[in-house]
Amino acid sequence: MKNILFVASECVPFIKTGGLADVVGSLPRYFDKKKYDVRVIIPKYTAIQEQYKEQMDYVDHFYMDLAWRKQYVGIFKMEMNGVTFYFLDNEFYFSGMLPYGEIYQDIEKFAFFDKAALSCLPMIGFRPDIIHCHDWQTGLVPVYLQDSFQQNEFYRGIKTIMTIHNLKFQGIWDKKTVMDTTGLDAYYFTPDKLEAYGDANYLKGGLVYADQITTVSDTYAEEIKMPFYGEGLDGLINAKSGCLTGIVNGLDYDEWDPAKDQMIDFNYDARTFRKEKIKNKKALQKELGLSEDEKKFMIGVVSRLTDQKGFDLIDYVIEEICAEDTQLVVLGTGEEKYEHLFRHFAWKYPDRVSANIFYSNERSHKIYASCDAFLMPSLFEPCGLSQLMSLRYGTVPIVRETGGLKDTVEPYNEFEDKGTGFSFMNYNAHEMLGCIRYAKDVYYNHKREWNKIIDRGMAMDFSWGNSAKKYEELYDRI
Ligand code: ADP
Ligand code: GLC
C-alpha cells in the first residue's frame, strides 16, 4: 500500500475558482483503493459552505513557528466518497469570501499552509510516501521538506511531485519579504533555487525541489519548454524535462452526466440527444429571456473572464459573432473590461445575448446541456475541462489548437467523416470567426453531419480511468 497526500488550495465540492478544484476533488476517487491510500489536505476557508463545515470533525491543534510568528493550526477531517479530506484551520489566513486575495497576503497565507500541511502529518497519523503538490500555492512544500523537516526521521524519504495546472501563476514577491515570511535561509534565494529575475518564486522552488513534475496535457508539457508559453521558466522546464510528464485531466463522469444530471431540465444520452437536448435549449432561452427559437444556433461560454481564455479575440469580432442567426450565452466573472463587454452586448441585443456575470455551478450545467456549440479560443490552455464537459453534453467545442484543447478536441474533417469539434490554429480573431462561421454552416445546412460530430464527441471517453493509471505508474516509478 502506498500513501499519497494531495496538497492543494482548492477542491470541489468545498471551494472552487477553476479547473484545479475539479481535478483535486475528483482524481483521488479513481485510484486503485487496494494499492493507494490517497488523501487530500486543503485550507479550511471561511468561504466553505456551512453544510460541509458541519460534517467536519475536529482532530487536534498545535502552534507552529513561521519565522518570528507563532501561529495556530487547527486540524479538521471529513470522509466523502471514500476519500479522507483534511482541513487546516486558521481564521487569520483563511477568512474572507474567496480563497485568494491580494498576492502579498497570499504569499504569507500559503507559506503558512505549506508548512502547516507538513507539520500536521505526525498528528494525523498519516505518513505519505509521496506528497503530490498542485500549483504555486503548494510550491514551498518540497522546499520546506528538504529543509528543517529532514532533522525528523518521520519525514526522511518522503518524495514529492509538483503538478503544474497553470504556469502563468507562480507566486512571486520580493526576496526580502519572502525570506522574512517563510523563515527560509538566504541560502534558498539564489537563481538556481527560489529566485527568478531578482524575486522569490514559490512555483520555481517547487519545481526545483520536487522529485517529479507533471502538467495536465501532453501538448502543454511541450509548449512550456518554449519562451512563448514558458512564462520565464522555460529554461528550468527544459533542464528538468527528464522528470516532466504530461497527463491529461479527466472529468468526473458521475457529476457530469447528461443522463443523470439533477441540475438540468431534461436528461438525455448519446441515443436521445437529438430529441431531448433541444428541450434544454428552449428552457434556457425562456429562463434567460432570449427569443424562444429552438432552431437558433446557440453558443455557450463558461469561463474565468481573463486574457488566458482568448476574450480579446471575442472582443474584436463580437459584433460579427452576435449575428442575427446566433445566440450567445456567457457565464463568468473576471476582468472588468470583459464583464462590461458582455453586459453591453446583452443590453444591445437582449433577444440573443445573455450575460451572466456571476458564479453558478447550476447555471453552468444548464449551459453545457443547452447550447449547440461551446467557444473556448484560449491563448494558452494547460488542459481545460470546459471542452470536456461540452463533449460529454453533446455541445460541439470550438477551440484554438493549444495545450489540452489540441489534445482533446479533434477538428472536424468533412472529407473523412472525422472530428468532434472545430478548431483554428493562429491567435487571430478572424481565423476564429471563420471557424465559428464554418461551424454555423454545418449546423444550419448539414444537420446530419452536425449530429454525427455530436455522436463522435459523446462517444469519447474522458473519464479519469486512463489518466489515474498514468499517475499510478508515476507513483510506482518514483
Ligand atoms: P480554468 O481552470 O483555467 O479556469 P478549466 O476549463 O480547467 O479552466 O476549468 C474551469 C471550470 O470552472 C469548469 O468546471 C467551468 O465550468 C467552471 N467555471 C468557470 N467559470 C464559472 C462560473 N462563472 N460559474 C460556474 N462555473 C464556472
Ligand atoms: C488550470 C488551467 C486549466 C486546467 C486546470 C486543471 O486552471 O488553466 O487549463 O484544466 O488548471 O488542471
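When a ligand or atom number is given, it counts from 1 through the structure's own listing order. Positions are given from 1, in the same order as the sequence printed here.
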Protein contact to atom 5 (P) of ligand 1 [nearest heavy atom, distance to 0.1 Å]: L385 N, 3.5 Å
Derivation and outcome, salt bridge (charged side-chain N to carboxylate O under 4.0 Å, His left out), residues R392 and D257: CA-CA 7 Å; R392 177 91 165 133; D257 180 357; 3.7 Å; yes
Backbone or side-chain N or O of Q308 under 3.5 Å from ligand 2 N or O: yes
4.0 Å heavy-atom contact, K16 with ligand 1: yes
Check: K44 side chain, F76 main-chain N or O, donor-acceptor pair, under 3.5 Å: no
Per atom 4 (O) of ligand 1, closest listed option by heavy atom (H365, K168, R304): R304
Check: W256 N/O within less than 3.5 Å of ligand 1 N/O: no
SB check D265 K279 (cutoff 4.0 Å): no
Non-hydrogen atom of G384 closer than 4.0 Å to ligand 1: yes
Heavy-atom nearest neighbour of atom 11 (C) of ligand 1 within options D22, V301, N361: D22
Nitrogen or oxygen of G18 less than 3.5 angstrom from that of ligand 1: no
Ligand 1 N/O within reach of G19 N/O, cut-off under 3.5 Å: yes
Close N or O approach (G19, ligand 2; < 3.5 Å): no
Min heavy-atom dist K309 to ligand 1 below 4.0 Å: yes
Proximity to ligand 2 by part of D22, non-hydrogen separation under 4.0 Å: neither
For ligand 2, the portion of V216 having any non-hydrogen atom under 4.0 Å away: side chain
Close approach, Q387 and ligand 1, non-hydrogen under 4.0 angstrom: no
Chi angles and distances behind the salt bridge (charged side-chain N to carboxylate O under 4.0 Å, His left out) call for E287, R363: CA-CA 10 Å; E287 189 175 334; R363 183 64 56 89; 3.2 Å; yes
